[in-house]
Amino acid sequence: MSRSDLVELAKRRGYFFQSAGAYGGVSGFYTYGPQGATLKANVEDAWRERFGVQEGHREIDAPTVMPEPVFEASGHLDTFDDMLVECPECGASHRADHLIEDETDIEEAESIAIPDVEDLIADHDLQCPDCGAELAGEPVEEFNLMFETSIGPGSSSPGYLRPETAQGIFVEFPQLAEYARNQLPFGITQIGKAYRNEISPRNSLVRTREFTQAELEHFVDPTEDVPDIDRVADVELTLYPADKQEEVEGVEYVTKTVREAVEDGLVHEWVAYYLGVGKQWYESIGVDMDRFRFRQHLSGELAHYAADCWDAEGEIDGDWYELAGFAYRSDYDLSKHDEYSDDDFTVFKQYDEPKVVERATVDPDMSYLGPEFGGAAGEVADALETLAERDRAAFEGDTVTVEVDGEEHEIPTEKTGFAVEEVKETGEHVMPHVVEPSIGIDRAVYAVLVHAYEIDEVEGDERTRLALEPEVAPTFVGVFPLMDKDGMGELARELTDDLRAAGFDATYDDSGNIGRRYRRQDEVGTPFCVTVDYDSLEDHTVTLRERDSTEQVRVPVAALPDLLEDLREGERTFADLDAPAPEQ
Ligand code: ATP
């Protein structure tokens, strides 16, 4: 299959197509058609079920526009950049690191410094992919990926479309912690649109400018919370560790269960837990596990605050693409918002028993500090308080030295009111750490479609089919009358209504011969088709045909809803259908 075959099928059968075609289209924006929107919704539902319901995490829905200070704190304003190089001839914009990855053996060019990137472009004689002009000597610049807007009239209140859903969770942490009754650990999920003004969107759904992310922020106490590894201990992971990427020629994987990966110290325990959950989820929606791996970030790629990070990657047309990131982000995000905002981003952890602790305090003599330091007296008093908490020994001599605004001040110790007292503490403030599985829904949908696309032969004819999992297939069952006459059409339409009422996505089709109708549904990825024929009018049975095997069985109309339910839920397989139904 070539990429264009899938893109062509996606447009023809209503999966996805480039938006605003009537106006020439705009790159990086896609519209999901009737099949695609349902497939995407089914993938999202499966994510909600696995990462939310089954893990006991709750979902929120925050705005997609947020004010500038949020992104000052998160670091996106300063550092959410990609490397841009422009073609001197045709003016096309390109991601410099991608050009290097495409044209050289270098696999991860994102973390290379700009001057080195400029050198690499020159050394490899890289050219504009659009017009072939030489790019050597062209400046490479940092380009911030956020879409900027103004909140309200005027330009005094800049805002940004969120480049990730995560910040909407971090910013609301103080409120969310209250809902969790200040008890760690707890997890919050969010699914929704994120926006990045990508320099060169490509590969249809893989790199777009508006896409859907599904993120979980699991807040944990780093000193005592551990994951319940038993829940996913035996899930087998295909791992591509950093050392294998750096030191081994060719590609060499390590296969370990989640438990082994943790026990061997290869993956951080919280990250490993979610790699297990992630693998189960990707498998359940139909990503081919032979074309799926977890790749560890190289040391240059790893954010300085992250203890460990692995990307889920899927193979598409011989290349590997990031589908999701699984990171242990320490307390970086909450600490930043704690520092930049007026709110408290810690949780108060109650001790089982109050503890008696010694606390150093000061009670400065302001009648001395006031005349001595004037307007700076308050800051000197604050500095004394901070110093007492940090370094009691500093108060052992006759004078104490503190620094305010870069200037040192000496204060007689007797004027500081320094004392050490015993106090009862009922708990302490803890800055939670965060483990984050960050999943791209569009890339998941794309991988599902690519991996489901198959060409085989049926009765001597080539057929194209999407072997979608019944759990996510947008159309679950096609219902056809052999012909729309002698009551077969009525019966088939009635059956379609009944199946819809029973909760199945059913489609009715009476156009063309039966073979053509089957092929149409095979291409759409419909797992089952039901045909009403002359016998059906007599004995109230229909044929049920399975997409992948093309096998058919005859089943009573009355049994159809239960039977389809079993097939959808995986309670029975098509091959079991001659056997009696399992006991309820
Ligand atoms: P990449 O390196 O491919 O740009 P990233 O590391 O910037 O991705 P993250 O910030 O970790 O991506 O975002 C989490 C997930 O969101 C990604 O794994 C991917 O599935 C999805 N995602 C990110 N950018 C895009 C995009 N432009 N189009 C579609 N999905 C995206």
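Note that the coordinates shown come from a computational prediction; the quantities given were computed from them, not determined experimentally. Note that ligands are numbered from 1 as they come in the structure, with each ligand's atoms numbered from 1 the same way.
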> Using 4.0 Å as the upper bound for N to carboxylate O, is an ion pair formed by Asp230 and Arg259?
Replying inline: yes
> Parallel, tilted or perpendicular: which describes the rings of Trp270 and Tyr274, with under 30° parallel and over 60° perpendicular?
Replying inline: parallel
> Where does the angle between the aromatic ring planes of Phe292 and Tyr282 fall among parallel (under 30°), tilted (30 to 60°) and perpendicular (over 60°)?
Replying inline: tilted
>> I'd like the residue list for ligand 1, meaning every protein residue with a non-hydrogen atom under 4.0 Å from the ligand.
In response: Arg196, Glu198, Leu205, Val206, Arg207, Thr208, Phe211, Gln213, Glu322, Leu323, Ala324, Ser438, Gly440, Arg443
>> Do Arg293 and Tyr253 pair up side chain to side chain, a donor and an acceptor below 3.5 Å, judged on atom types alone?
In response: yes
>> Are Phe173 and Phe219 an aromatic pair, judged by ring center distance below 6.0 Å?
In response: yes
> Hey, mind stepping through Gln245 and Arg295 against side-chain hydrogen bond (donor to acceptor under 3.5 Å, both in side chains) and telling me if it holds?
Replying inline: CA-CA 9 Å; Gln245 296 168 56; Arg295 187 185 66 81; 3.0 Å; yes
